[in-house]
K.L.:
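Okay, here's the structure, questions in a sec.
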Amino acid sequence: MLTAPLSIDVRRGAVASLGDLLADRRIATEGRVAIAVGRGQGDQIADHVRPSLTDCEVFQVDGGTVEAAVSLGSKLRGGSYEAVVGIGGGRTIDATKYAATLAGIPMVSVATNLSHDGICSPVASLTHDKGKGSFGVVMPLAMVVDLDYVRAAPVRLVRAGIGDVVSNFSAVDDWILAADECGEPVDRMALTVARTAAEALLHQPGSVESDRFLTVLAEGLVLSGMAMAFAGSSRPSSGGDHEILHAIDQMFPGTANHGELAGIGAAFCYQLRAVHLGTGADRLEEIVSCLRRHGMPVLPSEVGLTVEQFADAVHYAPRTRPGRYTILEHLGLDRDAILKAVEEYVQAHGD
């Protein structure tokens, strides 16, 4: 499994260098490259880079589904392409990663927003006829984040990645808990990289209006992806926090985006730690403060859920990742105890 990208370019005007990147013979020796685009900015970027490529073809990706990814993979195999460039948001990039894995060719990620760490991870989150699943894929060989295009995305998507990066804290603590309680092996490099990404973002001044902040956010998402590649699983970036978000996605689809739910999930997991284990209270306040500072949701009502619905999702959450041990499995709270915990969380952090 690839454990680090060949190239990472985060800056204004980065897309202009895509032609030079693809001329690197470590990616494509003959220059036969496919471009996969989603709706919106993907087509615009493809038109921007097409003149710099000698032999390329553009394919439209119809959403982040297994069906769309398999269809693209078939086209890539049939065209004998040496590499594929996925241009767009998380759904397009996840579908392209899966398709590249099926075709056995390298993939370059060009992110148009910073909503979650899928832009540079060895995991693709795709929908299918039974819901949404996570699939192991080959990590992008290179990635490009053009801050000009990121700024053109809806601000809600830009700041959503903040929640995904800070949720690393919860995932890392869950991993350590699983090691202490169940003897689960821990990859210290993966753990350190995931936690470092979260620490850098948590204490970064400024907002998504700042290029400096967006660069740190992009780097944090990349580091989260690399941590997962080091670990060989999503463990360093996905704990009880992500179990909660997956439960919400299944039970109340369309409620909020991935990063927003990851942030709330992480905060609530620290609420449980503070109340039941007597640890993590300071981290809880740091995460809530960070989310509030950047206009991210903190309470269930801020993503359209009632206290009862959120409690139902938390109760269901462990079923989304059988075999993963987190604070949720450790406490094993029944639905009434969870509802009480949610009510206490809302009371503590409501306006």
K.L.:
Which heavy atom of Ala69 sits nearest to which heavy atom of Leu126, and what is that distance?
P.N.:
CB-CD1, 4.1 Å

K.L.:
Examine Val275 and Ile327 and state if one hydrophobic cluster contains both, with Ile, Leu, Val, Met, Phe, Trp and Tyr joined whenever side-chain heavy atoms are less than 4.5 Å apart.
P.N.:
no

K.L.:
Rounded to the nearest 0.5 Å, what separates atom CD1 in Ile87 from atom OG1 in Thr96?
P.N.:
9.0 Å

K.L.:
Please report the interatomic distance CG(Leu147) to CZ(Arg11), rounded to the nearest 0.5 Å.
P.N.:
9.5 Å

K.L.:
After noting the C-alpha distance and the side-chain angles of Val66 and Thr127, does the key distance pass the side chain to side chain contact (heavy atoms under 4.5 Å, CB included) rule?
P.N.:
CA-CA 6 Å; Val66 171; Thr127 58; over 6 Å; no

K.L.:
How about Glu57 and Tyr81: does a side-chain donor come under 3.5 Å of a side-chain acceptor?
P.N.:
yes

K.L.:
Decide whether His246 and Gln250 meet the rule of one side-chain donor and one side-chain acceptor closer than 3.5 Å.
P.N.:
no

K.L.:
Strictly distance-based, threshold 3.5 Å: is any side-chain N or O of Arg319 a donor or acceptor partner for the main-chain N or O of Glu243?
P.N.:
no

K.L.:
Does a salt bridge link Lys340 with Glu343, judged by any charged N lying under 4.0 Å from a carboxylate O?
P.N.:
no

K.L.:
Is Arg292 paired with Glu302 through a side-chain N to carboxylate O contact shorter than 4.0 Å?
P.N.:
yes

K.L.:
Given side chain to side chain donor-acceptor pair (under 3.5 Å), test Glu329 with Thr326 step by step and report yes or no.
P.N.:
CA-CA 5 Å; Glu329 288 79 5; Thr326 77; 2.5 Å; yes

K.L.:
First locate atom CG of Leu223, then atom CZ of Arg195, and finally report the distance between them rounded to the nearest 0.5 Å.
P.N.:
14.0 Å

K.L.:
Any side-chain heavy atom of Gln309 sitting closer than 4.5 Å to one from Pro300?
P.N.:
no

K.L.:
If I take atom CG from residue Leu328 and atom CG from residue Leu272, how far apart are they, to the nearest 0.5 angstrom?
P.N.:
6.5 Å

K.L.:
Between Val123 and Val137, is any pair of side-chain heavy atoms under 4.5 Å apart?
P.N.:
no

K.L.:
For Ile338 and Asp334, what are the C-alpha separation, side-chain angles and deciding distance, and is it a side chain to side chain contact (heavy atoms under 4.5 Å, CB included)?
P.N.:
CA-CA 6 Å; Ile338 292 172; Asp334 61 25; over 6 Å; no

K.L.:
Assess the residue pair Tyr270 and Asp173 against the criterion (side chain to side chain donor-acceptor pair (under 3.5 Å)); give the C-alpha distance rounded to whole Å, side-chain angles, the decisive distance to 0.1 Å, and a yes or no.
P.N.:
CA-CA 10 Å; Tyr270 276 109; Asp173 281 345; 2.6 Å; yes

K.L.:
Under 4.0 Å between a Lys/Arg side-chain N and an Asp/Glu carboxylate O for Glu184 and Arg235?
P.N.:
yes

K.L.:
Kindly say whether Val158 contributes a backbone atom to a donor-acceptor pair with the side chain of Asn113 at under 3.5 angstrom?
P.N.:
no

K.L.:
Looking only at the aromatic ring of each residue, does the gap between the centers of Phe213 and His294 stay below 6.0 angstrom?
P.N.:
yes

K.L.:
Regarding Asp94 and Lys97, does a basic nitrogen lie under 4.0 Å from an acidic carboxylate oxygen?
P.N.:
yes

K.L.:
Looking only at heavy atoms, what is the nearest atom pair of Ile162 and Leu217, with distance?
P.N.:
N-CD1, 3.8 Å

K.L.:
Identify the heavy atoms of Thr92 and Gly38 that sit nearest to each other, and give their distance.
P.N.:
OG1-CA, 3.3 Å

K.L.:
List the steps, then state whether side chain to side chain donor-acceptor pair (under 3.5 Å) holds for His242 with Asp174.
P.N.:
CA-CA 11 Å; His242 276 58; Asp174 279 341; over 6 Å; no

K.L.:
Show your reasoning for whether side chain to side chain donor-acceptor pair (under 3.5 Å) applies to Ser234 and Arg324.
P.N.:
CA-CA 11 Å; Ser234 62; Arg324 180 153 294 185; 3.1 Å; yes

K.L.:
Quick check: do Val61 and Val37 have side-chain heavy atoms less than 4.5 Å from each other?
P.N.:
no

K.L.:
Could you pull out the closest heavy-atom pair between Val298 and Tyr345, with the gap in Å?
P.N.:
O-OH, 2.7 Å

K.L.:
Tell me who clusters with Trp175, hydrophobic residues only, linked when side chains sit under 4.5 Å apart either directly or through other members.
P.N.:
Val172, Ile176, Val186, Leu191

K.L.:
Would a single hydrophobic cluster contain both Val165 and Leu157, if residues Ile, Leu, Val, Met, Phe, Trp and Tyr are joined by side-chain heavy-atom contacts under 4.5 Å?
P.N.:
no

K.L.:
Using a strict threshold of under 4.0 Å (side-chain N to carboxylate O), is an ion pair present between Asp312 and Arg335?
P.N.:
yes

K.L.:
Please identify each residue that fulfils salt bridge (charged side-chain N to carboxylate O under 4.0 Å, His left out) with Asp211, with sequence neighbours left out.
P.N.:
Arg12, Arg151

K.L.:
Closer than 3.5 angstrom, by distance alone: can the side chain of Ser109 be matched with the main-chain N or O of Met143 as a donor-acceptor pair?
P.N.:
no

K.L.:
Roughly how far apart are Arg77 CZ and Ile105 CD1, rounded to 0.5 Å?
P.N.:
10.0 Å

K.L.:
Where does the angle between the aromatic ring planes of Phe135 and His128 fall among parallel (under 30°), tilted (30 to 60°) and perpendicular (over 60°)?
P.N.:
perpendicular

K.L.:
If only atom types and distance count, is the side chain of Ser167 paired as donor or acceptor with the main-chain N or O of Ala262 below 3.5 Å?
P.N.:
no

K.L.:
I'd like to check Asp249 versus Thr255 (side-chain heavy atoms, cut-off strictly below 4.5 Å). Are they in contact?
P.N.:
no

K.L.:
Ile264 versus Pro297: any side-chain heavy-atom pair under 4.5 Å?
P.N.:
yes

K.L.:
Could you give me the CA-CA distance, side-chain angles and deciding distance for Phe169 and Glu199, then say whether side chain to side chain contact (heavy atoms under 4.5 Å, CB included) is met?
P.N.:
CA-CA 8 Å; Phe169 287 124; Glu199 289 282 5; 3.6 Å; yes

K.L.:
Under 4.5 Å between any side-chain heavy atoms of Arg156 and Glu260, yes or no?
P.N.:
yes

K.L.:
Looking at every heavy atom in both Ser170 and Arg273, which two are closest together, and how far apart are they?
P.N.:
O-NH2, 4.5 Å

K.L.:
For the residue pair Met107 and Ile93, establish whether any side-chain heavy-atom pair is separated by less than 4.5 Å.
P.N.:
yes

K.L.:
Are any side-chain N or O atoms of Thr65 and backbone N or O atoms of Ala68, one a donor and one an acceptor, separated by less than 3.5 Å?
P.N.:
yes

K.L.:
Which value, rounded to the nearest 0.5 Å, describes the distance between Gln204 atom CD and Cys290 atom SG?
P.N.:
10.5 Å

K.L.:
Quick one: do Glu219 and Ile8 satisfy side chain to side chain contact (heavy atoms under 4.5 Å, CB included)? Show the steps, please.
P.N.:
CA-CA 9 Å; Glu219 291 170 348; Ile8 302 170; over 6 Å; no

K.L.:
Is there a donor-acceptor contact under 3.5 Å linking the side chains of Ser224 and Asp164?
P.N.:
no

K.L.:
Any sub-3.5 Å donor-acceptor pair from Asp148's side-chain atoms to Gly13's backbone N or O?
P.N.:
yes

K.L.:
Any sub-3.5 Å donor-acceptor pair from Ser74's side-chain atoms to Ser71's backbone N or O?
P.N.:
no

K.L.:
What is the minimum heavy-atom distance between Gly163 and Met296, and which atoms define it?
P.N.:
N-CE, 3.6 Å

K.L.:
Between Arg321 and Ser238, is there a side-chain heavy-atom distance shorter than 4.5 Å?
P.N.:
yes

K.L.:
For Glu67, I'd like to know if atom CD has over 12 heavy atoms of other residues, nucleotides or ligands within 6.0 Å.
P.N.:
no

K.L.:
Hey, is the main chain of Ala194 close enough, under 3.5 Å, to the side chain of Asn168 for a donor-acceptor pair?
P.N.:
yes

K.L.:
Verify, without hydrogens or angle tests, whether Thr196 (side chain) and Thr192 (backbone) share a donor-acceptor contact under 3.5 angstrom.
P.N.:
yes

K.L.:
Within the distance-only criterion (no hydrogens, no angle test), does the side chain of Glu285 pair as donor or acceptor with the backbone N or O of Asp282 below 3.5 angstrom?
P.N.:
no

